[in-house]
Amino acid sequence: HTGRREVCASRWCITREDLDIFEDEVRQLWERGLIPEDPDHPDPSHSDPAIGPNIHQVCKHYIKPRTAEAGSTSWALMRHPEGLPCDVFATHCWAEGIFEFTAKVRRLWPMGAKHLYCCFLSNPQNGDIATMLG
């Protein structure tokens, strides 16, 4: 049971505090070498603490395993099973460094906005996303 069928997709959001928790957990894994660089797609920024591993690697080594433990829900619904109303939508590049992304999101988060939708955190990454979005 993932909870996502009962919660409108527009509510699959996170808070700024969630973003901080996410980055902290990812950074701890990355510092311990548990988010490795993809040997088939070398990334010169992977080891840069201001940029970090790309979102592909974060999804593979952190988001998918973590959300699988929680019933294959999304990271956002794992944090807020009831969902949160969306104030901000963020897009990203899968090759983008995660720490660079989170820093930009924090810096550009609109004043008064409380909840953010971002696909790699909001969409369940362990399922058939194409069918889900169908």
Side-chain angles (χ1 to χ4, degrees):
H1 180 269
T2 63
R4 67 180 175 261
R5 297 202 194 313
E6 295 86 18
V7 179
C8 179
S10 68
R11 296 180 59 86
W12 298 353
C13 294
I14 64 165
T15 65
R16 283 185 68 131
E17 180 183 358
D18 294 329
L19 186 68
D20 293 342
I21 290 166
F22 170 78
E23 181 180 348
D24 185 54
E25 290 178 358
V26 168
R27 191 174 291 277
Q28 287 179 35
L29 286 177
W30 172 74
E31 287 173 348
R32 292 180 11 227
L34 298 175
I35 301 179
E37 185 172 0
D38 182 345
D40 296 329
H41 301 95
D43 180 356
S45 300
H46 182 87
S47 298
D48 185 332
I51 298 174
N54 67 48
I55 296 171
H56 277 296
Q57 292 302 98
V58 171
C59 190
K60 179 178 180 179
H61 295 283
Y62 170 72
I63 295 172
K64 284 183 174 186
R66 182 74 176 91
T67 57
E69 293 170 359
S72 293
T73 189
S74 73
W75 198 88
L77 287 175
M78 182 182 73
R79 300 279 309 157
H80 304 280
E82 71 291 349
L84 299 168
C86 185
D87 300 311
V88 180
F89 179 89
T91 190
H92 68 91
C93 171
W94 284 94
E96 182 174 12
I98 194 64
F99 306 136
E100 181 178 39
F101 172 80
T102 56
K104 287 178 183 177
V105 168
R106 269 192 215 88
R107 189 171 59 251
L108 299 171
W109 193 293
M111 189 100 80
K114 295 180 180 178
H115 311 124
L116 173 126
Y117 183 102
C118 178
C119 76
F120 69 87
L121 294 171
S122 299
N123 295 341
Q125 297 298 321
N126 287 305
D128 182 353
I129 294 173
T131 299
M132 179 192 69
L133 298 175

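The first residue of the sequence shown is numbered 1, and numbering continues consecutively from there.
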So that I can tick it off, tell me whether [Y] and [X] are bridged by a salt bridge, with the cut-off set at under 4.0 angstrom between side-chain N and carboxylate O.
X	Y	value
Lys114	Asp87	no
Asp38	Lys60	no
Glu23	Arg106	yes

Measure from the side-chain N and O atoms of [X] to the backbone N and O of [Y], and report whether any donor-acceptor pair falls under 3.5 Å.
X	Y	value
His61	Leu29	no
Ser74	Leu77	yes
Gln57	His46	no
Asn54	His56	yes
Asn126	Lys64	yes

Could you check whether Arg16 makes a cation-pi contact with Trp109, meaning its NZ or CZ is under 6.0 Å from the centre of the six-membered ring and within 45° of the ring axis?
yes

Are any of the side-chain heavy atoms of [X] and [Y] separated by less than 4.5 Å?
X	Y	answer
Phe22	Val58	yes
Trp75	Pro124	no
Ile21	Arg79	yes
Leu84	Thr15	yes
Pro110	Val88	yes

Measure the spacing between [atom1] of [X] and [atom2] of [Y] and express it to the nearest 0.5 Å.
X	Y	atom1	atom2	value
Thr73	Arg66	OG1	CZ	11.5 Å
Trp94	Cys59	CH2	SG	4.5 Å
Ile14	Met78	CD1	CE	10.5 Å
Ser122	Phe89	OG	CZ	8.5 Å
Asn123	Cys119	CG	SG	5.5 Å
Leu121	Leu116	CG	CG	8.0 Å

Give me the atom names and distance for the closest heavy-atom approach of [X] to [Y].
X	Y	result
Ala90	Phe101	CB-CZ, 4.3 Å
Asp43	Gly52	OD2-O, 4.4 Å
Cys13	His115	CB-CB, 3.8 Å
Pro44	Pro42	CD-O, 3.9 Å

Report the C-alpha distance between Tyr117 and Trp12 in whole Å, list the side-chain angles of each, state the deciding distance to 0.1 Å, and finish with yes or no for ring pair (Phe, Tyr, Trp, His ring centres under 6.0 Å).
CA-CA 6 Å; Tyr117 183 102; Trp12 298 353; 7.1 Å; no

Derivation of the side-chain hydrogen bond (donor to acceptor under 3.5 Å, both in side chains) call for Asp48 and Ser45
CA-CA 5 Å; Asp48 185 332; Ser45 300; 5.6 Å; no

Within a radius of less than 6.0 Å around CD of Glu17, do more than 12 heavy atoms belonging to other residues, nucleotides or ligands occur?
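Incorrect, the count does not exceed 12.
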
Tell me whether Val105 is reachable from Ile55 by hopping between hydrophobic residues (I, L, V, M, F, W, Y) whose side-chain heavy atoms are closer than 4.5 Å.
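Looking at the clustering, Val105 is in the same group as Ile55.
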
Parallel, tilted or perpendicular for His92 and Phe120, by the 30°/60° rule?
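Ring orientation of His92 relative to Phe120: perpendicular.
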
Checking Tyr62 against Trp30 for the side-chain hydrogen bond (donor to acceptor under 3.5 Å, both in side chains) test, could you report, in this order, the C-alpha distance in whole Å, the side-chain angles of both residues, the deciding distance, and whether it holds?
CA-CA 9 Å; Tyr62 170 72; Trp30 172 74; over 6 Å; no

